Amino acid sequence: MVRLPLTPAEAERGQRLGSLLRRARGTRSMLEIALDARVSPETLRKIESGRVATPAFPTVAAIADVLGLSLDEVWAEINQPHAGTDPSAPRRSAREFLAS
């Protein structure tokens, strides 16, 4: 399966997601969080670094749960409008974004 390249907006959202997860993890080890969320440490590392900008919804939900983040908090953080964005443009739901 061939994946289409990420748009700049998708890459930016991936960076914001990674930053949020790193901040929420704090001093806890990546290994501890990954194991508790039942994802590989490599997957968590790639998400936190922004290399996986559009992770699967269940993966994000599991990590957020372990970190004590609500999906509303995650969505609000990653879906912040950025410079040059048309605020009147339709927005996708969290499930639609993370499923793409």
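Quick caveat, the model's predicted, so the values are computed rather than measured.
- Atom CG of residue N79 and atom CZ of residue R16 lie 7.0 Å apart, to the nearest 0.5 angstrom.
- Contact between A53 and A11 at its shortest, heavy atoms only, is CB-CA, 4.3 Å.
- The distance from the CG atom of L44 to the CZ atom of R22 is 10.0 Å, given to the nearest 0.5 Å.
- Under the salt bridge (charged side-chain N to carboxylate O under 4.0 Å, His left out) criterion, the residue pairs touching residues 47-64 are R25-E48, with sequence neighbours excluded.
- Under the salt bridge (Lys or Arg N to Asp or Glu O under 4.0 Å) criterion, R28 pairs with no residue at all, not counting sequence neighbours.
- Both M30 and L20 are part of a single hydrophobic cluster, where members link through side-chain heavy atoms under 4.5 Å apart.
- With values rounded to the nearest 0.5 angstrom, L21 atom CG is found 6.0 Å from I63 atom CD1.
- With sequence neighbours left out, E32 forms a side chain to side chain donor-acceptor pair (under 3.5 Å) with no residue at all.
- For the pair P55 and L17, the minimum side-chain heavy-atom distance is below 4.5 Å.
- V52 and I33 fall within a single hydrophobic cluster, where Ile, Leu, Val, Met, Phe, Trp and Tyr side chains are chained together by heavy-atom contacts under 4.5 Å.
- Residue P41 comes nearest to L31 through the heavy atom pair CG-CD1, 3.5 Å, listed as atom of the first residue, atom of the second, then distance.
- Every residue two or more places apart in sequence or in another chain that forms a side chain to side chain donor-acceptor pair (under 3.5 Å) with T43 is listed here: S40.
- For the side chain to side chain donor-acceptor pair (under 3.5 Å) test, no residue two or more places apart in sequence or in another chain qualifies with S49.
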Which side-chain N or O atoms in residues 65-74 pair as donor and acceptor under 3.5 Å with protein atoms at least two apart or in another chain?
| residue | atom | partner | partner atom | Å |
| --- | --- | --- | --- | --- |
| S70 | OG | D72 | N | 3.4 |
| S70 | OG | E73 | N | 3.0 |
| S70 | OG | E73 | OE1 | 3.4 |
| E73 | OE1 | S70 | N | 2.7 |

